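Okay, structure first, notes after.
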There are 2 protein chains.
Amino acid sequence: MNSSVTATSEPTLTDKFQRGNVLASSCPSRGVLQDVTSRWGVLALFALLQGTHRFSELRKSITGVSEKMLSQTLQALEADGFVLRTAHPVIPPHVEYSLTASGREVAKRVEELVNWIEVNINPILSARDEYTSLKSG
Amino acid sequence: MNSSVTATSEPTLTDKFQRGNVLASSCPSRGVLQDVTSRWGVLALFALLQGTHRFSELRKSITGVSEKMLSQTLQALEADGFVLRTAHPVIPPHVEYSLTASGREVAKRVEELVNWIEVNINPILSARDEYTSLKSG
DNA sequence: CGCCTATACTTACTAAAAGAAAGTACATGC
DNA sequence: GCATGTACTTTCTTTTAGTAAGTATAGGCG
């Protein structure tokens, strides 16, 4: 089919083998993918592309996230090596979060997805309206 | 940094305004983003990039998905205009799912994210191991 | 005729995850 | 010595996901 789809220059596994490693439930990529594409994971990565932020700053900018979920989300991203957590040993605590090199790579791809959706939000919402009126009307 | 990352030529909203429309909980992009980045939404879009598939084929290829969740996921993607559902009026039922034009656009971006993770899965898993051994050991 | 099969769902119930709210730790200022 | 600020954690409730069984129905077979 179309081989000019990916913008990256690295050969992808899906090109080399049959595509669909992730489609197998045993594939460890699935777990990572879920950390990255989780409700708040996407937004945290997106927010951190702007630079380093404190916990409370992230919580303010990512509207609607609870402290518990933000904490949980950041820990998962930190475990995967996407986010760097820097705690300054002062009281009250001062903790800073930033992206690692690999974190920036994933975040850039997340950003492209998010940007595409934002740019195309109007036709998408129209499609939604049409769909729901077809189903209920 | 690397400015050749984005494949699109359109100006993005995050470039034009301050970035972070999605970061506001009121932004409708969030809902769409959740459909696209949901656990099975990502995989359905990825799977459909290969072409048209029947419901049962998707269920087989996306290992682990239940009929209920696949149905729900496909309906959400259909509502957003990313997936086209074609039902042939025969018995037993024959339904085909394919990507729409906009569906291919989102799916391509999802694919890039998925591919990046698959290519880089080993260092990520190493980071995870190191993290968990730091925390528990 | 009556039963079985195949496919794409939906429905009822249970397990897991998310969300809300309160609690914890502790140096500093008043 | 009491309130404040920050980054969490814990408990409890609500929402969502997952499992398993049910539904519809044309055609094939004995």
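Every chain is numbered from 1, with letters handed out A, B, ... down the list of sequences. None of the values given here were measured: they were computed from a predicted structure.
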Report summary line: Considering only heavy side-chain atoms of A/Trp40, the closest of D/dT9, C/dG19, D/dG5 is C/dG19

Query raised in the report: How long is the line joining CD of A/Gln34 and P of D/dA17, in whole Å?
Result: 11 Å

Report summary line: Result for side-chain contact (heavy atoms from CB on, under 4.5 Å) between A/Leu74 and one of A/Phe82, A/Trp40, A/Phe55 points to A/Phe55

Report summary line: Checking D/dA17, D/dT9, D/dA7 against the side chain of A/Ser56 (C-beta onward), the nearest is D/dA7

Report task. Could you check which of C/dA27, C/dT7, D/dA7 has an atom nearest any side-chain atom of A/Pro93? Result -> D/dA7

Query - 5′-ward residue of the pair B/Ser71/A/Ile91 relative to DNA chain C - result: B/Ser71

Query raised in the report: Side chain of B/Lys68: nearest nucleotide among D/dG18, D/dA7, C/dC26?
Result: D/dG18

Query raised in the report: Rounded to the Å, how far apart are A/His94 NE2 and D/dT6 C1'?
Result: 10 Å

Requested in this report: Please check the phosphate of C/dA8 (OP1 and OP2 only) for any side-chain N or O of B/Gln72 closer than 4.0 Å.
Outcome: no

Query - d(CG, A/Leu70; P, C/dG19) in whole Å - result: 12 Å

**Report entry** Any B/Arg59 side-chain N or O less than 4.0 Å from OP1/OP2 of C/dA8
**Finding:** no

Query raised in the report: Checking all strands, does A/Glu96 fall into the base, sugar-phosphate, or nothing category for heavy-atom contacts under 4.0 angstrom?
Result: nothing

Query raised in the report: Quick one: A/Leu74 CG to D/dT6 C1', roughly how many Å, whole number?
Result: 15 Å

**Report entry** Nearest non-hydrogen partners of A/Glu57 and A/Thr52, listed with the distance
**Finding:** OE1-O, 4.4 Å

**Report entry** Proximity to the side chain of B/Met69 - top-ranked nucleotide from D/dT6, C/dA8, D/dG18
**Finding:** D/dG18

Query raised in the report: Taking NE2 from B/His53 and C1' from C/dT7, how many angstroms apart are they, rounded to a whole number?
Result: 17 Å

Query - For atom CG of B/Leu58 and atom C1' of C/dT7, their distance in whole Å - result: 14 Å

Query - B/Arg128 bridged to A/Asp35 by N-O distance under 4.0 Å - result: yes

Requested in this report: Answer yes or no: is there an ion pair linking A/Glu112 with A/Lys108, defined by an N-O contact shorter than 4.0 Å?
Outcome: no

Query raised in the report: Is any side-chain nitrogen or oxygen of B/Arg39 closer than 4.0 Å to OP1 or OP2 of D/dG18?
Result: yes

Query raised in the report: What nucleotide, of C/dA6, C/dA27, D/dT19, holds the atom closest to the side chain of B/Pro92?
Result: C/dA6

Query raised in the report: Rounded to the Å, how far apart are A/Leu43 CG and C/dG19 P?
Result: 11 Å

Query raised in the report: Where the side chain of A/Ser102 meets the backbone of A/Gly81, is there a donor-acceptor pair that is under 3.5 Å apart?
Result: yes

Requested in this report: Grab the CZ-P distance between A/Arg85 and D/dT6 for me, whole Å please.
Outcome: 16 Å

